[in-house]
Protein chains: 2
Amino acid sequence: MDPARIDECLGRFESLCRERGLPLTVQRREILRAVLERDDHPTADTVYESAKDRIPGLSRTTVYRVLETLVSLGVVRRLHHPGPNARFDAKTSRHHHLVCRVCHRVIDLESEDLDNLKLPSVSHHGFRIEDYSVHVVGVCGECGSKGLGIRD
Amino acid sequence: MDPARIDECLGRFESLCRERGLPLTVQRREILRAVLERDDHPTADTVYESAKDRIPGLSRTTVYRVLETLVSLGVVRRLHHPGPNARFDAKTSRHHHLVCRVCHRVIDLESEDLDNLKLPSVSHHGFRIEDYSVHVVGVCGECGSKGLGIRD
DNA sequence: CTCCGTGCAAAAGGTTTGCACTGGT
DNA sequence: ACCAGTGCAAACCTTTTGCACGGAG
């Protein structure tokens with residue numbers, strides 16, 4: 001994300017904290033900044049690595065707790081991901097994902113067509129729809145060129 | 001899944017094993033059966049609980065290893081899921097998911113419209129598309145009626 | 001008979017929790 | 001000054017690995 005938008009997001013986050021009476025700590029701001037700066041859907045550990053240089057003495061525990069807070073504020077999303085550890089994304093606008101079956105890399109996919117799908121009515125499940133995204137599964141360029149992921 | 005289709009799937013699995021020269025063990029058959037019998041996208045542990053009564057002395061390790069084998073055979077899929085543990089699905093035909101933001105329940109969603117989306121070309125990423133599915137996020141009937149998951 | 005698959009136990013992540021202290025309001 | 005947030009260490013839970021045994025081909 002470009003620096004101007006990052007500052008804008010941080011600003012909105014600060015307002016949100018004041019609104020809710022949440023203490024605005026260095027950790028919260030810098031961990032959010034670390035997620036905003038990455039567009040590769042980092043794990044908690046990746047976020048920790050990015051943020052620890054800017055926050056002396058930062059603890060992994062805090063990263064987990066702050067990410068949880070950011071998710072419940074709706075500032076960050078927890079991704080649906082096949083790998084063993086949680087992944088996060090600060091892009092909360094509707095978008096879609098290319099997921100590599102081999103290396104588990106997640107690439108953002110922008111498409112107006114996919115953003116405006118007509119979803120079937122699912123009211124009979126009692127399910128209240130809030131959003132959706134399309135997960136496209138396949139093999140990324142890098143894995144493909146290594147000859148990985150050839151089926152059967 | 002209804003019993004007739006389960007038997008059909010197990011039969012196809014047996015042929016597949018013979019074809020590949022994979023030993024056909026009780027564990028493999030019964031663990032696959034356990035996944036086929038569930039439509040709630042079980043975790044490895046749930047599969048273990050279902051299968052252990054039918055396989056005396058079954059070990060969790062075996063469940064993990066067999067699930068891995070079934071995934072690589074393409075008989076079972078590993079789901080993209082926000083929760084902390086891996087989830088599996090024996091329905092390998094294209095279908096979609098309603099995911100409850102509160103309880104993480106996954107409900108299958110069938111829709112011919114969604115099955116036939118025209119995906120944007122992503123050849124410029126070098127990404128080879130193999131399949132896709134739509135993840136619809138919201139609040140399920142049960143959580144909604146408990147008043148959970150009200151935003152803000 | 002030969003391997004591969006299995007079970008057990010231990011290790012290896014990733015994530016959460018209890019507690020004392022620090023820092024924001 | 002108060003209370004929530006943080007850091008540390010330990011606990012927890014899921015998943016993986018090493019090794020010896022047993023069953024399938």
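A, B, ... follow the sequence lines: proteins, then strands. Residue 1 opens every chain. Please read these numbers as outputs of a predicted model, since none were measured by experiment.
Atom CZ of Arg87(B) is separated from atom C1' of dT14(D) by 13 Å (rounded to the nearest Å). Rounded to whole angstrom, the span from the CG atom of Asn85(B) across to the C1' atom of dG13(C) amounts to 14 Å. Atom pair Arg28(A):CZ and dT22(C):C1' shows a separation of 14 Å (rounding to whole Å applied). Taking atom CD1 of Ile31(A) as the reference point, atom C1' of dT6(D) lies 10 Å away to the nearest angstrom. Rounded to whole angstrom, the span from the OH atom of Tyr48(B) across to the C1' atom of dT6(C) amounts to 13 Å. Rounded to whole Å, atom C1' of dG14(C) lies 12 Å from atom CZ of Arg78(A). Atom pair Leu67(B):CG and dT6(C):P shows a separation of 11 Å (rounding to whole Å applied). Rounded to whole angstrom, the span from the CD atom of Glu68(A) across to the P atom of dG14(C) amounts to 18 Å.
Within the structure, every side-chain polar atom (N or O) of Gln27(A) is placed at least 4.0 Å from both OP1 and OP2 of dG24(C).
Among Leu22(B), Val75(B), Leu24(B), the one residue that satisfies the side chain to side chain contact (heavy atoms under 4.5 Å, CB included) test with Leu16(B) is Val75(B).
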| request: Before giving the answer on ring pair (Phe, Tyr, Trp, His ring centres under 6.0 Å), spell out for His80(A) and His97(A) the whole-Å C-alpha distance, their side-chain angles and the decisive distance to 0.1 Å. | output: CA-CA 10 Å; His80(A) 296 192; His97(A) 290 132; 9.3 Å; no

| request: Please assess Arg94(A) against Ser133(A) for the test side chain to side chain donor-acceptor pair (under 3.5 Å), listing each intermediate value before the final yes or no. | output: CA-CA 7 Å; Arg94(A) 179 170 299 169; Ser133(A) 70; over 6 Å; no

| said: What verdict does the side chain to side chain donor-acceptor pair (under 3.5 Å) test give for Asp89(B) and His95(B), after you've listed the backbone C-alpha separation in whole Å, the side-chain angles of each residue and the deciding distance to 0.1 Å? | reply: CA-CA 11 Å; Asp89(B) 187 354; His95(B) 65 286; 3.0 Å; yes

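Taking a 4.0 Å limit (strictly below) on heavy-atom distances, residues 50-65 of chain A reaches DNA chain D at Gly57(A), Leu58(A), Ser59(A), Thr61(A), Thr62(A), Arg65(A).
For the residue pair Thr43(B) / Thr46(B), a side-chain donor-acceptor distance below 3.5 Å is found, with atom types taken as modelled.
Under 4.0 Å is where a charged nitrogen must lie from a carboxylate oxygen, and between Arg87(B) and Asp40(B) no such pair does. For Arg65(A) and Glu68(A), the salt-bridge test fails: no basic side-chain N is under 4.0 Å from an acidic carboxylate O. We find that Arg12(A) and Asp7(A) are not joined by a salt bridge, their nearest charged nitrogen and carboxylate oxygen being 4.0 Å or further apart. A salt bridge links Lys91(B) to Glu110(B): one of the charged nitrogens lies within less than 4.0 Å of a carboxylate oxygen. Under the 4.0 Å criterion applied to side-chain N and carboxylate O atoms, Glu37(A) and Arg54(A) are assigned as salt-bridge partners.
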Would you list the protein and nucleotides 20-25 of chain D atom pairs, both N or O, that sit under 3.5 Å from each other?
unit_1  : atom_1 : unit_2   : atom_2 : d
dG25(D) : OP1    : Leu24(B) : N      : 3.2

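Linking ILVMFWY residues whenever their side-chain heavy atoms come closer than 4.5 Å, directly or via other members, places Leu58(A) and Leu70(A) in the same cluster.
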| query | Reading DNA chain D 5' to 3', how would its secondary structure be written in dot-bracket notation, given Watson-Crick and G-U pairs with both distances under 3.5 Å, brackets [ ] for crossing pairs and | for partners on other strands? | reply | |||||||||||||||||||||||||

